[in-house]
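I have placed the structure first, in the form of structure tokens, so that the comments after it can refer back to it.
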Amino acid sequence: MAFLLKSAHVVDPVAGIDGIVDVKIENDRIAEVGENLSADGAEVIDLSGKVLVPGLVDMHVHLREPGYEHKGTIESETRAAAKGGMTGVCSMPNTDPVTDNGVTVEYVKSVAEREGHCRVFPAGAMTRGLKGEIISEMGDMVAHGAVAFTDDGHGVQGAGMLRRAMDYGKMFDKVFMSHCQDDDLVGEGQVNEGVVSTRLGLLGWPAEGEEIQIARDIAIARLTGAKLHIQHISTARGLDLVRAAKEEGLPVTCEATPHHMFLTEDAIGETYDTALKVNPPLRTAEDAAAIIEGVVDGSVDAIVTDHAPHAAWEKAREFELAPFGMTGIEASLALVNTNLVKTGKIGYARMVELMSIAPRRILGLDPVSIAAGSVADITVFDPEVTWTVGAEGYESKADNCGFAGTEVCGRATNVFVGGKRTLCDGVVC
């Protein structure tokens, strides 16, 4: 199938494009990029007023399958990803069974190939069963397509265990993605420790519970030479630790979520909205501002969602009993456009770096560009349309979105994955 994408504002810093051009797709590749291209039998799609960028990738997503299909499935959550403009996601391994061997990696890949609406790049667990006791079957998982290792949702508690995992696993040249949480310090913490935890009468989750492990994991990355990626960074001091590691020349990167940038602990009020219960918790306004500044100055490498669907009954329980996590993949592009691009904090080129280029680079995936010969993974969005998060429901199986009711600007209209449409005029294909 051939498509001629006409008159879009194409932004791709790698290709050096930031202007209105045509893009022609033939089969799974971009055939031509330029002005006034000939249709030659291709289906013509007028994208006047739209922005076209290399396909977005969310490198931190919970698909829930296998084992937690009551929360979400590979089909439903990749459908949500396509609705949000994503051409690919990196799936987390805290499934049941845990994705800690080649068989489970192969299962995720095969279901995604059959039922998915975007590419799925599975991450494998660092330790068997996410228990932090025995190294997982890393070589087997890599042979079957795992792109990274992480015990996301838990964090490896033992420094010696993390060293052994990194020492062994670095031979596969994959990144280790770290959920930084010192369980002994965090305990049963529910929200950020401070004024809000006191006001709400909830156990505090101190910032130091994250920062101590960031410092430790950086030290072990220095010791082993392994590539380290800090997941969902949420504190100013934690980001300073990453900055120092980068200045030292260590192979350390980090990611931030929209909720840790655009929401704070103050959003949790007397209704005890469990959609706002996330891990790590929403921090202070000063922390959120620091993370945004890190996005602006380049200290933060990628924007992700940590998209975490839960069944309605699970989130309907008392705050301390409800599970951590919120959905957000359908609103991520709009939130970034609204709060960062429209406010002049970053431009579209920086957005592409954060949401397309860097995630692929960190995960070791093949690069994608708006250039002849590149695979046709493309995201198109209308930067001016306004809408309200959740007003029309969600494509995700879950609705625990902390941004529900927020008016945002910008929405994906068309998505191509390998030259095939997965989103057409805002409708998932």
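The analysis underlying the following values was restricted to heavy atoms, covering all of them including side chains, and did not include hydrogens, waters or symmetry mates.
Looking only at atom types and distance, the side chain of His307 has a donor-acceptor partner in the side chain of Glu77 under 3.5 Å away. In summary, the side chains of Thr235 and Arg283 do not present any donor paired with an acceptor at a separation below 3.5 Å, with no hydrogens or angles considered. When only modelled atom types and interatomic distance are considered, Asp306 and Thr257 share no side-chain donor-acceptor pair under 3.5 Å. A donor-acceptor pair shorter than 3.5 Å cannot be found between the side chains of Thr327 and Asn400.
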Under 3.5 Å, which donor-acceptor pairs do the side chains of residues 200-208 form with other protein atoms, sequence neighbours left out?
from   : atom 1 : to     : atom 2 : distance (Å)
Glu208 : OE2    : Arg237 : NH2    : 3.1

Name each donor-acceptor pair under 3.5 Å that joins a side chain in residues 82-91 to protein atoms two or more places apart or in another chain, with its distance.
from  : atom 1 : to     : atom 2 : distance (Å)
Lys83 : NZ     : Gly426 : O      : 2.6
Thr87 : OG1    : Leu56  : O      : 3.0
Thr87 : OG1    : Arg360 : NH2    : 3.4

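Take Ala159 and apply the side chain to side chain contact (heavy atoms under 4.5 Å, CB included) test, not counting sequence neighbours, and it matches Arg216, Ile220. Contacts of Arg317 classified as side chain to side chain contact (heavy atoms under 4.5 Å, CB included), with partners at least two apart in sequence or in another chain: Trp313, Glu314, Leu321, Pro323. Remark: Met1 pairs with Phe3, Glu43 by the side chain to side chain contact (heavy atoms under 4.5 Å, CB included) rule, at least two apart or across chains. Under the side chain to side chain donor-acceptor pair (under 3.5 Å) criterion, Asn414 pairs with no residue, sequence neighbours left out.
Salt bridge annotation for Asp217-Arg222: absent, with no cationic side-chain nitrogen under 4.0 angstrom from a carboxylate oxygen.
Not a single donor-acceptor pair under 3.5 Å links the side chain of Gln231 to the backbone N or O of His229.
For the pair Lys277 and Phe324, the distance from NZ or CZ to the six-membered ring centre is under 6.0 Å and the angle to the ring normal is within 45 degrees.
When each of Thr305, Asp152, Thr95 is checked for a side-chain hydrogen bond (donor to acceptor under 3.5 Å, both in side chains) with His62, only Asp152 meets the rule.
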